[in-house]
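One structure below.
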There are 2 protein chains.
Amino acid sequence: MQQQADKIIQTLKAKGLRVTPQRFAVYEDLLARSDHPTAEQITNHLNQDGPTSSQATVYSSLQALREVGLIREVLLEEGVCRYDANIDPHHHFQCQSCGAIEDIAWDQLQDLDFKALRPGLQVTHYEITVHGGYCNRCRPE
Amino acid sequence: MQQQADKIIQTLKAKGLRVTPQRFAVYEDLLARSDHPTAEQITNHLNQDGPTSSQATVYSSLQALREVGLIREVLLEEGVCRYDANIDPHHHFQCQSCGAIEDIAWDQLQDLDFKALRPGLQVTHYEITVHGGYCNRCRPE
DNA sequence: GAAAGTTTTTGGAAATTTTCCAAGGATGCT
DNA sequence: AGCATCCTTGGAAAATTTCCAAAAACTTTC
């Protein structure tokens, strides 16, 4: 695990961010989970064994990490901004029963052809959101 | 335009909603524009020539219209919930310069094949969000 | 390794957006 | 028209995010 910590430190430094315990913790937490937590969920998780990061710091850290491209937002529900440390291109699936979000690997869906779009519209990035079905936990038997 | 108004009234009634001036106005406004406005933008637009709908009513109307499936949310920016009266399946394009959102007709992108997804995951709906390029207003030169 | 110069953290206040509430008003049915 | 129900309203409340100035921490420099 020490190697993992070193790698996080090197990553943060490489992006020009100072390595503080709070920022480290936010990024480490996001890297370790795949449930696309909200800022509040991250704050609670970090502080569950004694206070380590204030609310304002978590927001600030998330913003800093997002600005340098280490994490990104996932917006699938009204009024809920979730975060994801998986910055490789990928798609999302949301369970229609419990709302859980899981990743869909990029190569599980074929590449799209944008030739039919109106001229002059050059695509830099796209993403597919899939609704329906049930996640592992909600699967009916 | 009278026919358009009658049609809106019939549509609302058919969904079991009472036709009030405020609810009519919210739906009419959304039908008439394609810029995916926020609740605040709708409120301001409706009240620009004298007060017609309170803030709470606009939110309430939007919620009622969404519950019966006449409008839907569009979530592309953090903390911003936009609304769209186009409920036919379609995709969205967001201009990377000004953030404007425009629709992409469903048949301009090929249908996706979900065979590669894990078993048991039946897809009920999906949607593609395209970032990049420039909208008509931001087109360079 | 201490001082200097930044950047970051913090708690609390403030801003923003959305929801709640109870009262009065409007709508659709008979 | 009368009635039951649903809707609107202003204001308060809730929920989420940002701002602020002071204190603390990180990095660099000497």
Side-chain angles (χ1 to χ4, degrees), chain A residues 5-6 8-29 36-47 50-68 70-83 99, chain B residues 5-6 8-30 36-47 50-68 70-83:
Chain A
D6 284 344
I8 292 175
I9 292 172
Q10 293 314 314
T11 303
L12 291 174
K13 281 188 177 171
K15 291 291 186 178
L17 295 178
R18 281 195 184 168
V19 181
T20 65
Q22 293 80 5
R23 188 171 285 164
F24 177 93
V26 168
Y27 188 42
E28 182 185 44
D29 192 49
H36 308 78
T38 64
E40 187 191 8
Q41 290 172 327
I42 295 168
T43 305
N44 291 341
H45 192 210
L46 295 182
N47 293 328
T52 63
S53 305
S54 74
Q55 189 184 46
T57 301
V58 172
Y59 277 101
S60 159
S61 298
L62 288 170
Q63 191 173 318
L65 290 166
R66 184 162 61 85
E67 280 171 0
V68 301
L70 288 179
I71 66 172
R72 60 175 205 171
E73 307 166 344
V74 176
L75 305 172
L76 294 180
E77 302 153 90
E78 179 177 355
V80 180
C81 181
R82 300 177 173 282
Y83 292 90
Chain B
D6 284 345
I8 292 176
I9 291 170
Q10 293 315 314
T11 303
L12 292 174
K13 281 188 178 172
K15 291 291 184 177
L17 295 178
R18 280 194 185 166
V19 181
T20 66
Q22 293 81 1
R23 188 171 284 164
F24 178 94
V26 168
Y27 187 43
E28 182 185 44
D29 192 47
L30 257 183
H36 308 77
T38 64
E40 188 192 7
Q41 288 171 329
I42 295 169
T43 306
N44 290 340
H45 192 210
L46 294 182
N47 293 328
T52 63
S53 306
S54 76
Q55 190 184 46
T57 302
V58 172
Y59 278 99
S60 159
S61 298
L62 288 171
Q63 191 172 318
L65 290 166
R66 183 161 61 84
E67 279 170 1
V68 300
L70 288 178
I71 67 173
R72 60 177 205 170
E73 308 165 344
V74 176
L75 305 172
L76 295 179
E77 301 153 90
E78 179 177 356
V80 180
C81 181
R82 299 178 172 282
Y83 292 90

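No hydrogens, no waters, no symmetry mates; every other heavy atom, side chains included, goes into these values. Within every chain, numbering begins at 1; the chains are lettered A, B, ... in the order of the sequence lines, protein sequences first and strands thereafter. Just so it is clear, the model here is predicted, and its values are computed rather than measured.
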Could you tell me how far apart [X] ([atom1]) and [N] ([atom2]) are, to the nearest whole angstrom?
| X | N | atom1 | atom2 | value |
| --- | --- | --- | --- | --- |
| B/Tyr59 | D/dA12 | OH | C1' | 16 Å |
| A/Arg66 | D/dT18 | CZ | P | 8 Å |
| B/Gln63 | D/dC6 | CD | P | 15 Å |
| B/Leu12 | C/dA26 | CG | C1' | 15 Å |
| A/Lys13 | D/dT28 | NZ | C1' | 12 Å |
| B/Glu73 | C/dT17 | CD | P | 16 Å |
| B/Glu77 | C/dT17 | CD | P | 12 Å |
| B/Glu67 | D/dC7 | CD | P | 10 Å |

If I take atom CG from residue A/Asp29 and atom NE2 from residue A/His45, how far apart are they, to the nearest 0.5 angstrom?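 Result: 5.0 Å between the selected atoms.
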
Can you sort out the partners of A/Arg23 under salt bridge (Lys or Arg N to Asp or Glu O under 4.0 Å), two or more places apart, ordered by chain and number?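 A/Arg23 satisfies salt bridge (Lys or Arg N to Asp or Glu O under 4.0 Å) with no residue once adjacent residues are dropped.
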
Non-neighbouring partners of A/Glu77 that pass salt bridge (Lys or Arg N to Asp or Glu O under 4.0 Å), sequence neighbours left out: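 Only A/Arg82 meet the salt bridge (Lys or Arg N to Asp or Glu O under 4.0 Å) criterion with A/Glu77.
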
Taking the axis from the first five pairs and the axis from the last five, what angle separates them in the helix from C/dG1-D/dC30 to C/dT30-D/dA1, rounded to 10 degrees?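 Axis-to-axis angle, ends of the helix: 40°.
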
Report all side-chain donor-acceptor pairs from residues 52-59 of chain A shorter than 3.5 Å, counting only partners two or more places apart or in another chain.
unit_1: A/Thr52; atom_1: OG1; unit_2: A/Leu46; atom_2: O; d: 3.2
unit_1: A/Thr52; atom_1: OG1; unit_2: A/Asn47; atom_2: OD1; d: 3.1
unit_1: A/Ser54; atom_1: OG; unit_2: A/Thr57; atom_2: N; d: 3.3
unit_1: A/Ser54; atom_1: OG; unit_2: A/Thr57; atom_2: OG1; d: 3.0

How far apart are the closest heavy atoms of A/Val80 and A/Leu75, and which atoms are they? O-CD2, 4.1 Å

Reading nucleotides 5-13 of chain C 5' to 3', which nucleotides get B (base under 4.0 Å from a protein heavy atom), which S (sugar-phosphate only), which -? BBBSSBB--

Report yes if some heavy atom in the side chain of A/Tyr83 is under 4.5 Å from a heavy atom in the side chain of A/Leu65; otherwise report no.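 No - every pair of side-chain heavy atoms lies 4.5 Å or more apart.
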
Heavy-atom distance under 4.5 Å between the side chains of B/Ile42 and B/Leu62, does that happen here?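 SC-SC contact between B/Ile42 and B/Leu62 confirmed.
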
Show which side-chain atoms of residues 12-19 of chain B pair as donor or acceptor with protein atoms under 3.5 Å away, not counting sequence neighbours.
unit_1: B/Lys15; atom_1: NZ; unit_2: B/Val68; atom_2: O; d: 3.3

Qualifying salt bridge (Lys or Arg N to Asp or Glu O under 4.0 Å) pairs, either residue in residues 56-68 of chain A, two or more places apart: A/Arg66-A/Glu73, A/Arg66-B/Glu78

